[in-house]
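A quick note: this is a predicted structure, and the numbers were derived from the prediction, not measured. The chains referred to below are lettered A, B, ... by the order of the sequence lines, with proteins before strands, and numbering in each begins at 1.
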Amino acid sequence: MEKKVRVRFAPSPTGGLHLGGVRTVLYNYLFARKHGGDFVLRVEDTDQNRFVEGAEQYIMDCLHWCGLEPDESPEKGGPHAPYRQSERKYLYYEYAQKLVDAGYAYYAFDTTHELEKMRTDFRKDEHSVPQYDQNTRMHMRNSLSLSQEEVVHLLEKNTPYVIRIKMPEHRTITLTDMIRGEVSFDSSLVDDKVLLKADGMPTYHLAVVVDDYLMKITHAFRGEEWLPSAPVHILLWEYLGWKQDMPEWAHLPLILKPDGNGKLSKRDGERLGFPVFAMNWTDPKTGDTSKGFREMGFLPQAFVNMLAMLGWNPGSEQEIFSLQELVEHFSIERVHKGGAKFDFEKSKWFNNQYIQRTDNETLAKLALPYIEAGLRKSGVEANVDMDLLQRVAGLVKERCTLLPDFWEQGHFFFATPAAIDVAAIKEKWNGQKQQFFAEWADSLESYTEWNEKALETGFTEFAAQKGLKKGELMLPLRIMLVGGKFGPGVFAIAELIGKEETMKRIKSLHL
RNA sequence: GGCGUGUUGGUCAAUCGGUUAAGACGCCUCCCUUUCACGGAGGAAUGACGGGUUCGAUUCCCGUACAUGCUACCA
């Protein structure tokens with residue numbers, strides 16, 4: 001019988017969750033759902049120096065916002081709890097010790113200074129950087145180079161030590177990656193990675209193998225930056241005697257900066273003016289806040305859809321996918337090998353597409369906070385009629401790419417425009433027009449039917465009566481009602497703001 | 001420097017050896033709209049470069065270049 005699919009997202013709680021991280025979550029989630037498997041969230045908090053308060057909760061909040069809920073997590077628990085590596089600390093030592101006993105790993109007593117010295121002393125030329133490996137390990141202080149008595153003595157004295165893997169000399173280690181196919185490494189070129197740190201915590205290398213085994217992970221997705229250390233992990237699976245249970249690997253491509261080169265970083269977002277994190281992230285130490293897609297006004301569905309298409313595509317022309325559709329169409333084999341430059345313009349396009357497809361009632365709820373904030377900012381009492389907001393949302397949604405645009409595009413429905421772009425009509429303005437509008441405004445009083453159609457008909461007839469071209473009057477009317485050259489049809493606007501307000505706005509224009 | 005990975009238009013990308021090399025974003029032109037958008041029509045790449053293999057290569061192989069990742073008691 002096939003093993004049940006189990007995947008995991010294993011972030012370090014060190015800061016905000018960026019695009020690449022969310023995409024890794026997404027691919028994990030899609031794969032799990034597609035194969036009826038489990039999606040586990042495991043927190044890799046083994047580095048006490050980099051631990052950031054609140055980061056774990058923040059990550060879970062991001063997953064929740066995106067609608068990518070894990071089946072097992074520190075919060076939810078599950079059959080393999082605990083899901084926080086710091087709470088699993090006691091587990092790892094046993095396996096590290098097992099490796100030492102079997103001769104696959106060794107104790108190393110070197111101090112930071114000794115390591116630094118080795119790296120300068122063994123420097124072969126200007127450019128090469130020596131590493132702790134088969135060429136240097138016998139020159140260091142470890143259980144391979146020291147006599148057994150010395151080792152025992154050091155251990156008894158409680159000398160701080162780490163446990164390092166002993167990389168074999170000449171082995172070609174091959175892994176079959178679901179995205180890249182076969183990738184080979186020469187074991188003698190890989191260094192003796194630290195497995196267990198002096199503080200008793202495992203490094204990523206040990207922890208990921210032990211936990212993936214214990215949690216019965218069948219498919220391991222992670223960023224491409226892990227590919228170089230994959231041979232260490234494969235060896236560990238073998239040395240621990242678990243080779244038949246090793247998950248299938250998939251190393252995901254990186255998300256790159258839109259301009260220049262390199263992978264996308266927090267800095268790029270600040271520099272180029274777009275978010276890099278899923279939600280706002282405030283560093284508790286510096287107090288600095290980095291913008292998030294959520295706060296910028298993205299719909300989570302659009303954000304997720306955009307991310308899915310960054311490095312994967314279904315092979316068809318379809319671009320808009322619900323999460324359910326993504327689950328149906330997703331295949332890890334169609335994930336790209338190469339990194340993709342992030343394009344914020346395309347992200348905005350996705351958001352606009354989603355806004356257009358969202359029903360007015362939902363949109364009104366989403367837009368409400370922005371409308372209220374806008375009103376408060378303009379000193380108007382924020383008492384928004386939800387019924388009106390729904391109709392407004394329907395009218396302006398195709399010109400909104402981000403949620404705050406609902407205020408930009410619709411503020412004049414809720415408050416008399418503060419700024420009137422008189423310059424737009426000043427040149428062609430004259431007394432005749434001034435009079436026309438004054439008279440039309442008065443005639444509005446007698447309208448029994450107040451709707452777009454009646455207004456337009458009435459306006460057209462009135463213009464004809466006065467011998468004026470309707471076309472010359474449309475822009476002025478818009479400026480009076482809206483304040484600028486934008487927005488939905490003028491008569492639809494007049495219908496919504498009502499008779500009284502329409503008359504008031506027309507009459508208040510003086511130039 | 002070493003090792004790994006990658007390279008189709010400005011960007012995301014289809015093509016699993018034979019097509020006029022899809023489509024989307026962005027850009028430009030036009031239509032619709034006497035606003036702005038949405039929507040619609042159209043315009044712009046010969047596939048990093050050089051060798052092979054093949055009747056035939058963007059698609060397979062090799063080299064070069066470039067890009068990118070790793071090279072921590074960080075993940």
**Prompt:** Regarding A:K426 and the six-membered ring of A:W429, is the cationic atom NZ or CZ under 6.0 Å from the ring centre and inside 45° of its axis?
**Reply:** no
**Strand-adjacent residues in residues 178-191 of chain A, judged by heavy atoms under 4.0 Å from RNA chain B** = A:R180, A:V183, A:S184, A:F185, A:L189
**Message:** Is A:K197 close enough to B:C74 that one of its side-chain N or O atoms is under 4.0 Å from OP1 or OP2 there?
**Reply:** yes
**Prompt:** Roughly, in whole Å, what's the span from CG in A:L477 to P in B:C36?
**Reply:** 16 Å
**Item:** Check ion pair A:E44-A:R8 (N to O, under 4.0 angstrom)
**Value:** no
**Request:** Verify, without hydrogens or angle tests, whether A:Y104 (side chain) and A:K98 (backbone) share a donor-acceptor contact under 3.5 angstrom.
**Result:** no
**Request:** Would you kindly give the NE2-to-P distance between A:H251 and B:C70, to the nearest whole Å?
**Result:** 13 Å
Give me the distances for all protein-to-nucleotides 24-29 of chain B N/O pairs that come in under 3.5 Å?
unit_1 : atom_1 : unit_2 : atom_2 : d
B:A24  : O4'    : A:E319 : OE1    : 3.1
B:A24  : O2'    : A:E319 : OE1    : 2.6
B:A24  : O2'    : A:E319 : OE2    : 3.4
B:A24  : O2'    : A:K346 : NZ     : 2.5
B:A24  : N3     : A:K346 : NZ     : 3.3
B:C25  : OP1    : A:W349 : NE1    : 3.2
B:C25  : O2'    : A:K346 : N      : 3.4

**Prompt:** Parallel, tilted or perpendicular: which describes the rings of A:W440 and A:F436, with under 30° parallel and over 60° perpendicular?
**Reply:** parallel
**Request:** Would you indicate, yes or no, if B:C73 has its OP1 or OP2 atom less than 4.0 angstrom from a side-chain nitrogen or oxygen of A:T112?
**Result:** no
**Prompt:** Taking the side chain from A:D45 and the backbone from A:S86, do they hold a donor-acceptor pair closer than 3.5 Å?
**Reply:** yes
**Item:** A:H139 side-chain N/O to A:T136 backbone N/O, donor-acceptor pair under 3.5 Å
**Value:** no
**Message:** For RNA chain B, please output the secondary structure as dot-bracket, reading 5' to 3'. Pairs are Watson-Crick or G-U wobble, both atom distances under 3.5 Å; mark crossing pairs with [ ], other-strand partners with |, unpaired with a dot.
**Reply:** (((((((..(((.....[....))).(((((.......)))))....(((((..]....))))))))))))....
**Prompt:** Whole-Å distance between B:G23 C1' and A:M309 CE?
**Reply:** 10 Å
**Asked** Does A:R164 put a side-chain nitrogen or oxygen below 4.0 Å from OP1 or OP2 of B:C73?
**Response** yes
**Request:** Mind calculating the distance between NZ (A:K263) and P (B:A75) to the nearest angstrom?
**Result:** 14 Å
**Message:** From OH of A:Y161 over to P of B:C73, roughly how many Å is that when rounded to an integer?
**Reply:** 17 Å
**Message:** Can you tell me which nucleotide in B:G4, B:G69, B:U34 comes closest to the side chain of A:M474?
**Reply:** B:U34
**Any A:N313 side-chain nitrogen or oxygen under 4.0 Å from OP1 or OP2 of B:A14** = yes
**Item:** hbond_proxy A:R399 side chain to B:C36 base (donor-acceptor, 3.5 Å cutoff)
**Value:** yes
**Prompt:** So which nucleotide from B:A75, B:U35, B:C12 ends up closest to the side chain of A:S12?
**Reply:** B:A75
**Prompt:** Is the centre of the A:F298 ring less than 6.0 Å from the centre of the A:F350 ring?
**Reply:** no
**Message:** Side chain of A:L227, heavy atoms from C-beta onward: which of B:U35, B:G69, B:U5 has the nearest atom to it?
**Reply:** B:U5
**Request:** Kindly say if A:H336 contacts the phosphate of B:A13, meaning a side-chain N or O under 4.0 Å from OP1 or OP2.
**Result:** yes
**Item:** Whole-Å distance separating the CE atom of A:M167 from the C1' atom of B:C70
**Value:** 14 Å
**Request:** Starting from C1' on B:A75, measure out to NZ on A:K193 and report it in whole angstrom.
**Result:** 12 Å
**Message:** Nearest to the A:L310 side chain among B:A75, B:C12, B:U35, which nucleotide is it?
**Reply:** B:C12
**Fill in**
Winner on side-chain proximity to A:R50, out of B:C74, B:U71, B:C73, is B:C74
**Asked** Reckon A:Q409 touches a base, only the sugar-phosphate, or nothing at all at heavy-atom distances under 4.0 Å?
**Response** nothing
**Message:** Could you check whether any side-chain N or O of A:E472 sits under 3.5 Å from a backbone N or O of A:K469, counting only pairs where one atom can act as donor and the other as acceptor?
**Reply:** no
**Message:** Mind checking if A:V194 touches a base, just sugar-phosphate, or nothing, with heavy atoms under 4.0 Å?
**Reply:** sugar-phosphate
**Asked** Given B:G6, B:C38, B:C12, which nucleotide is nearest the side-chain atoms of A:K341?
**Response** B:C12
**Item:** Distance, rounded to the nearest Å, where A:F491 contributes CZ and B:U35 contributes C1'
**Value:** 12 Å
**Option from A:L214, A:D212, A:V208 for which side chain to side chain contact (heavy atoms under 4.5 Å, CB included) with A:V210 holds** = A:L214
**Message:** If we ignore hydrogens and angles and just use 3.5 Å, is the side chain of A:T416 paired with the main-chain N or O of A:F412 as donor and acceptor?
**Reply:** no
**Request:** For nucleotides B:G50 and B:G23, find the distance between their P atoms and express it as a whole number of Å.
**Result:** 28 Å
**Request:** Supply the atom-to-atom distance A:I355 CD1 to A:L402 CG, rounded to the nearest 0.5 angstrom.
**Result:** 6.5 Å
**Message:** Please determine whether a side-chain nitrogen or oxygen atom of A:R357 lies at a distance below 4.0 Å from atom OP1 or OP2 of B:C38.
**Reply:** no
**Asked** When all nucleic acid strands are considered with a 4.0 Å heavy-atom cut-off, which category describes A:A198: base, sugar-phosphate, or nothing?
**Response** base
**Prompt:** Nearest to the side chain of A:A340, which nucleotide is it out of B:C12, B:U5, B:A75?
**Reply:** B:C12
**Request:** Sort out for me which residue in A:I332, A:V335, A:L26 forms a side chain to side chain contact (heavy atoms under 4.5 Å, CB included) with A:F221.
**Result:** A:I332
**Fill in**
Looking only at B:A75, B:G39, B:C73, the nucleotide nearest the A:L115 side chain is B:C73
**Request:** Just call it for A:D110: base, sugar-phosphate, or nothing, with non-hydrogen atoms closer than 4.0 Å on any strand.
**Result:** base
**Asked** Counting distance only, does the side-chain N/O of A:R334 pair as donor-acceptor with the main-chain N or O of A:N313 below 3.5 Å?
**Response** yes
**Prompt:** Are the side chain of A:D405 and the backbone N or O of A:T401 linked by a donor-acceptor pair below 3.5 Å?
**Reply:** yes
